[in-house]
Every structure is written in C-alpha cells, then in structure tokens.
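Below: one structure, written as structure tokens.
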There are 2 protein chains.
Amino acid sequence: MSIIQVYKCLCDEQRLRILNLLKEGPLCVCHLQELLGEGQVKISKQLRYMKELGMVEARREANWMIYSLPQPTNPLLIENLQCLQDCAAEDLHFANDLKERAKLLKAAQHSEGGLPESVACGAGCCE
Amino acid sequence: MSIIQVYKCLCDEQRLRILNLLKEGPLCVCHLQELLGEGQVKISKQLRYMKELGMVEARREANWMIYSLPQPTNPLLIENLQCLQDCAAEDLHFANDLKERAKLLKAAQHSEGGLPESVACGAGCCE
DNA sequence: ACAGAATATTCATTTAAAAGAATATTCAAA
DNA sequence: TTTGAATATTCTTTTAAATGAATATTCTGT
C-alpha cells in the first residue's frame with residue numbers, strides 16, 4: 001500500500017470517521033451505517049474501497065460482516081488519527097462518534113438481536 | 001482550509017516533495033523544477049493548486065517567484081511531513097531532495113545569476 | 001522599445017473518484 | 001424452501017483532478 005493511496009483514503013470525511021471508529025474496535029456495517037447516518041450502499045462502497053487499499057479488513061460472522069483495522073496498523077494512519085483528534089476532532093465528529101458508538105453497542109448488547117461476538121463491547125465499551 | 005483539502009494536497013508525490021523542500025525554507029520555481037526534475041508548467045500548476053488551498057504562499061522578487069510555507073504552518077501538515085520522514089523517506093526521495101537542495105543553493109549562490117535574496121541559504125544551507 | 005529569463009494561464013483531453021438507482025448475494029431461522 | 005436481515009455488486013451519470021500543448025504575462029537589462 002503506497003503512501004499516496006493512504007492519503008487518498010484520508011481524503012474523505014466519511015472514511016476518516018470510519019477509521020476513527022474502527023480504531024476503537026471492530027464494527028459491522030449496520031453499526032457504521034447508523035453511526036454515520038448514511039445509507040447502506042454508500043457505507044458498503046466506502047468499505048470496499050478501503051479494503052482494496054488494505055486499510056481495513058473484513059470477516060463474516062453469521063449475517064454480519066465485521067470490519068476492523070489490520071494489525072499492526074499503518075503508522076501513518078495512527079499518527080493521522082491521533083493528530084486529527086487534536087486538531088479537528090469537532091469538524092469530524094470524532095469525539096461524538098465515539099460516544100455514540102459506546103451507547104449503540106451497549107444498547108445493542110441488551111436487545112434481542114444481540115451483537116456479533118467480536119464486536120461485543122470488545123474494546124472498552126461496557127466493562 | 002479544510003482537513004479534507006489538506007489531505008487532497010498530500011495525495012500527490014510531487015506535492016509531498018515540494019512541501020518537504022519548503023519546510024527547509026523558501027524556494028523559487030526554477031529550483032523546484034530542477035530538484036524534482038520536472039517541467040516548469042507542471043510545477044507551476046502544482047504550486048498554484050497548493051496556493052489556492054493556502055498550503056503555500058508566494059511573493060515576487062525580481063524575476064523570481066518565491067514560494068514558502070505560511071507561518072504558522074498547519075500542524076496536520078507538520079505532523080505528516082515529520083511522519084513521512086520516518087516511514088517513507090526513501091520512497092519519496094525526501095532525504096535526497098534535501099541534500100540536493102543544499103548543493104543547488106550553494107552552487108547557485110556562487111554563480112553569476114546569484115540567488116533571490118530570501119532564498120539565499122536562508123535556512124541552514126551555507127553557514 | 002526590445003530581448004530574454006522566469007513564471008503563469010488557457011484550453012482540450014484523459015483519467016479517476018463520487019453519487020444514485022436498481023438489483024443481487026449470503027446466511028439464519030422458521 | 002421460503003422469508004427476512006445484512007451486505008455487496010453492477011451500471012450509469014456526474015464531478016473533479018491530471019496531463020499536454022500552446023501561448024501569455026511580468027520583470028530586468030540593454
């Protein structure tokens with residue numbers, strides 16, 4: 001994956017928000033959809049684009065597709081997400097997205113549908 | 001200048017190299033041209049693009065146009081240039097560009113044409 | 001006023017990314 | 001074996017960026 005490709009990936013607000021969310025832990029498409037307030041098709045396309053670049057990876061779990069950041073995560077990406085926290089968190093809804101993520105996961109966990117196993121509060125949601 | 005615009009600017013190898021060079025100090029178009037081994041028109045267009053985004057600024061000095069990074073420089077840019085030094089310096093010719101820059105300025109300074117005043121070894125070239 | 005150096009602009013073409021609408025695939029559970 | 005939930009793909013249109021060729025502008029020195 002080239003440097004240029006990484007930056008191309010970072011050129012889109014939705015993708016930045018997705019990366020920020022995935023940094024906290026894996027999520028499935030429908031959660032991203034809900035958190036970004038965006039249609040399924042568009043999210044799916046973004047994820048495909050990102051997957052082709054190797055910026056995210058996916059695995060199926062029952063009906064869900066679980067997306068996550070590959071480990072170890074590209075240092076250029078980490079740096080940028082960190083820097084964005086500091087210098088553009090508000091513009092990008094970063095902080096709020098994370099708050100909503102926690103809420104959403106907590107709620108989903110206690111609902112009938114439940115959560116995909118590897119999403120379930122995996123990373124610092126419920127304790 | 002939006003975050004997204006910054007990343008769009010970083011999506012191109014030539015622009016990255018230009019920014020890396022300007023980080024050391026102002027340069028005129030013909031020096032960039034020579035350092036990147038690229039035609040005048042293309043460099044000029046890149047600079048225009050970057051100027052419109054506010055990523056660089058320009059002033060005229062006699063026949064030369066001197067380009068530089070605006071002060072204070074966008075932290076997102078600084079971070080990225082720094083990170084690229086660490087994780088992609090070779091891919092992007094970063095280190096070599098800086099070496100060539102020093103050579104070029106030193107040579108130009110002692111030639112008949114001379115150097116635009118504000119370029120002249122301004123930043124750590126000759127001592 | 002003219003010539004030459006340094007730089008910029010314009011216009012046409014190509015290439016790549018984004019957006020939208022419609023539809024298809026995959027799996028689980030009844 | 002059909003239904004519904006979750007997700008993906010295909011195709012078309014629109015928008016934006018890159019490339020190339022030609023030409024224009026701005027300033028300096030004569």
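Throughout, protein chains are lettered first and strands after them, A, B, ... in sequence-line order, and every chain is numbered starting at 1. Since we're looking at a predicted model, the values are computed, not measured.
- Here C/dA17 presents its P atom at 18 Å from OH of B/Y7, a figure rounded to the nearest Å.
- In this structure, A/I43 atom CD1 and D/dT9 atom P are separated by 15 Å, rounded to whole Å.
- B/C28 approaches B/I66 most closely through the heavy-atom pair CB-CD1, 4.0 Å.
- B/W64 has its CH2 atom 13 Å from the P atom of C/dA5, to the nearest Å.
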Dump the intermediate steps for side chain to side chain contact (heavy atoms under 4.5 Å, CB included) on B/L76 and B/E79, then the final yes or no.
-> CA-CA 5 Å; B/L76 191 56; B/E79 284 261 356; 5.5 Å; no
side-chain hydrogen bond (donor to acceptor under 3.5 Å, both in side chains) between A/N20 and A/Q85, worked out = CA-CA 9 Å; A/N20 178 57; A/Q85 297 277 10; 3.1 Å; yes
Stepwise side chain to side chain contact (heavy atoms under 4.5 Å, CB included) test for B/D12 and A/I4 | CA-CA 6 Å; B/D12 180 274; A/I4 302 304; 5.6 Å; no
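- Here the C1' atom of nucleotide D/dT7 and the CZ atom of A/R59 are 16 Å apart, to the nearest Å.
- Taking atom CD on A/E52 and atom P on C/dA16, their separation rounds to 14 Å, with Å as the unit.
- A donor-acceptor pair under 3.5 Å links the side-chain atoms of B/R15 to the main chain of B/K8, judged by distance alone.
- A distance-only check finds no donor-acceptor pair linking the side chain of B/R101 to the backbone of B/K103 [under 3.5 Å].
- On a pure distance criterion of 3.5 Å, no polar donor-acceptor pair joins the side chain of B/Q40 and the base of C/dA6.
- Here the shortest heavy-atom pairing between B/C9 and B/Y49 reads CA-CE2, 4.3 Å.
- Per the geometry, CE belonging to B/M65 stands 16 Å off P belonging to D/dT25, to the nearest Å.
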Please tabulate, one pair per line, each protein N/O and nucleotide N/O from nucleotides 16-20 of chain D that are separated by under 3.5 Å, including the distance.
unit_1 : atom_1 : unit_2 : atom_2 : d
D/dA18 : OP1    : B/R15  : NH2    : 3.3
D/dA18 : OP2    : B/R15  : NH1    : 3.4
D/dT19 : OP2    : B/K42  : NZ     : 3.4
D/dG20 : N7     : B/K45  : NZ     : 3.2
D/dG20 : O6     : B/K45  : NZ     : 2.4

Report all interatomic pairs (protein N or O, nucleotide N or O of nucleotides 12-15 of chain D) with separations under 3.5 Å.
none

Criterion side chain to side chain contact (heavy atoms under 4.5 Å, CB included) on B/L92 and B/D97, from CA distance to verdict | CA-CA 9 Å; B/L92 296 168; B/D97 281 351; over 6 Å; no
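- For B/Y67, no side-chain nitrogen or oxygen approaches OP1 or OP2 of C/dA6 to under 4.0 Å.
- Going from atom CG of B/L27 over to atom P of C/dA6 covers 15 Å, rounded to whole Å.
- Remark: C1' of C/dA17 and CD of A/E13 are 17 Å apart, rounded to the nearest angstrom.
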Show your reasoning for whether side chain to side chain contact (heavy atoms under 4.5 Å, CB included) applies to B/E100 and B/E34.
-> CA-CA 10 Å; B/E100 292 302 320; B/E34 190 163 343; over 6 Å; no
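- Atoms OG and CD, from B/S44 and B/Q33 in turn, are 8.5 Å apart once rounded to the nearest 0.5 Å.
- A donor-acceptor pair under 3.5 Å is absent between the side-chain atoms of B/R17 and the main chain of B/L19, judged by distance alone.
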Shorter than 3.5 Å, N or O on both sides, protein versus nucleotides 27-30 of chain D: list them out with atom names.
unit_1 : atom_1 : unit_2 : atom_2 : d
D/dC27 : O2     : B/N63  : OD1    : 3.1

